[in-house]
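Throughout, residue positions are numbered sequentially from 1 according to the sequence presented. Counting starts at 1 for both ligands and their atoms, in listed order.
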Amino acid sequence: MNIIMAKNAGFCFGVRRAVDTVYEQIKKNDGSPIYTYGLIIHNMEVVKDLKEKGVIVLDNEDELRAVTKGTVIIRAHGAAKKIHRILASQNLKVIDATCPYVRRIHQIVEKESRDGKRIIIIGNNGHPEVEGITGWAEGEVFVAESEADAVILAEKIKENACIVSQTTFNYNKLKKLVDIFTEKCYNGTIVNTICNATEERQVETGLIAKEVDVMIVIGDIHSSNTAKLVEISRKECANTYFVQTLKDLPLALPETTTLIGITAGASTPNNIIEEIQKYVRTNF
Ligand code: SF4
């Protein structure tokens, strides 16, 4: 079987940095507890391994407030300003692994909202990165997830706003939503904050999916950037399969399959990608 392996598959810079940070802390640890604020990565295989090594996940503010000693690591998605304040007030050791690209959005949102702009985040409502970004706005903040949301918001907010995007948002979808705002005489600031890693991965996924008979997208069920790759791939290749681990293979592939494409979300560890790639090469 011939395979096209995506060059941009797997951990992006920000996720690798955050995961490495946790493993470094485990290595250096003097026995005091290590926490992550939220799941460090949307991949249950990695989360399970960290749990076995003693890392505790804090799911919410209340759990964070109950911590009295140890190290708290902030994940690549970042956290709201309020969370940083709580951490500072509790005298805990804080390691901020917020991806610099996400941090840049926090800074834009903080500055623009301080200057009186209303903030519009184009992203998925309830996603931790979006929640974190929301938490840096000092005034009104809105999330537009769909074209319908954009139409309603564009009517409501005609000016004096700043638009940013979730780093992992679908690039084409972002363009459509931004068009809706600009068509409604929107004259605020628009900053495309989709990160290059995401854009490159999405573009590459679409190009590979166009060429192959079958496309395999590897990632965790909770990973929104993987879900977006599946969505992009399905538009180009009807035989797109989403798999989490090797257990989800073998697949019943169409008999005419001669070329398979493989890609993976930003939170998919290399060992899982390699295992699946090897299996596909030898068994299909
Ligand atoms: Fe950072 Fe981009 Fe990775 Fe998000 S996708 S963690 S912004 S490198």
Side-chain angles (χ1 to χ4, degrees), residues 6-25 36-47 50 57 72-81 83-84 94-110 119 121-136 143 145 162-175 190-206 217-233 263-270 272-273:
K7 288 189 189 81
N8 297 295
F11 280 6
C12 61
F13 146 79
V15 167
R16 178 168 308 284
R17 184 172 165 268
V19 172
D20 287 351
T21 302
V22 185
Y23 281 103
E24 263 165 39
Q25 289 306 310
T36 61
Y37 188 68
L39 298 176
I40 193 75
I41 169 177
H42 279 150
N43 186 285
M44 293 325 284
E45 298 293 312
V46 176
V47 170
L50 291 175
V57 179
V72 179
I73 302 164
I74 296 185
R75 57 186 168 179
H77 288 321
K81 196 173 183 175
I83 301 301
H84 287 266
V94 182
I95 301 197
D96 188 357
T98 305
C99 176
Y101 302 134
V102 177
R103 183 71 198 116
R104 178 178 161 248
I105 308 176
H106 294 171
Q107 286 161 345
I108 294 169
V109 164
E110 191 179 30
I119 303 295
I121 305 165
I122 297 187
N124 299 116
N125 236 324
H127 187 281
E129 183 190 311
V130 173
E131 282 178 358
I133 298 168
T134 304
W136 286 85
V143 179
E145 187 170 330
C162 166
I163 298 180
V164 294
S165 56
Q166 182 182 339
T167 54
T168 49
F169 205 72
N170 180 316
Y171 183 66
N172 292 326
K173 228 167 149 179
L174 172 73
K175 277 204 287 195
I190 300 166
V191 195
N192 173 4
T193 47
I194 288 186
C195 109
N196 279 348
T198 307
E199 203 179 313
E200 279 165 17
R201 191 187 309 263
Q202 290 176 353
V203 171
E204 189 190 30
T205 297
V217 183
I218 315 164
D220 192 274
I221 191 110
H222 300 105
S223 157
S224 82
N225 79 83
T226 308
K228 277 168 203 156
L229 294 183
V230 173
E231 187 187 316
I232 291 166
S233 179
T263 189
S267 46
T268 311
N270 229 1
I272 296 181
I273 301 170

Checklist entry - Nearest heavy-atom pair of Gly135 and Ala80: which atoms, and what distance? => result CA-CB, 3.6 Å
Next on the checklist: Using a 4.0 Å cutoff against the non-hydrogen atoms of Gly14, which atoms of ligand 1 qualify?
Outcome noted: 1 (Fe), 3 (Fe), 6 (S), 8 (S)
Checklist outcome for this item: Given the options Arg104, Glu110, His106, Ile108 meets side-chain contact (heavy atoms from CB on, under 4.5 Å) only with Arg104
Checklist entry - Of all the non-hydrogen atoms in the protein, which one sits nearest to atom 3 (Fe) of ligand 1, and at what distance? => result Cys12 SG, 2.2 Å
Checklist entry - Which distance, rounded to the nearest 0.5 Å, do you find between the CG of Asn8 and the CG of Asn196? => result 10.5 Å
Item to check | Residue Cys195 vicinity, atoms of ligand 1 by number, heavy atom under 4.0 Å | outcome: 2 (Fe), 5 (S), 7 (S), 8 (S)
Checklist outcome for this item: Thr167 heavy atoms within 4.0 Å reach ligand 1 at atoms 4 (Fe), 7 (S)
Item to check | Shortest non-hydrogen contact from Phe13 toward Cys99 | outcome: CE2-SG, 4.3 Å
Checklist entry - Looking only at side chains, do Glu129 and Thr168 share a donor and an acceptor under 3.5 Å apart? => result no
Next on the checklist: If the cut-off is 4.0 Å to any non-hydrogen atom of Cys99, which atoms of ligand 1 fall inside it?
Outcome noted: 1 (Fe), 6 (S), 7 (S), 8 (S)
Item to check | Per-atom contacts, ligand 1 versus Tyr101 - under 4.0 Å to a heavy atom | outcome: 1 (Fe), 2 (Fe), 7 (S), 8 (S)
Checklist entry - For ligand 1, which atoms, with element, lie under 4.0 Å from some heavy atom of Thr198? => result 5 (S)
Checklist outcome for this item: Between Ala6 and Thr263 the two heavy atoms that sit nearest each other are CB-OG1, 3.5 Å
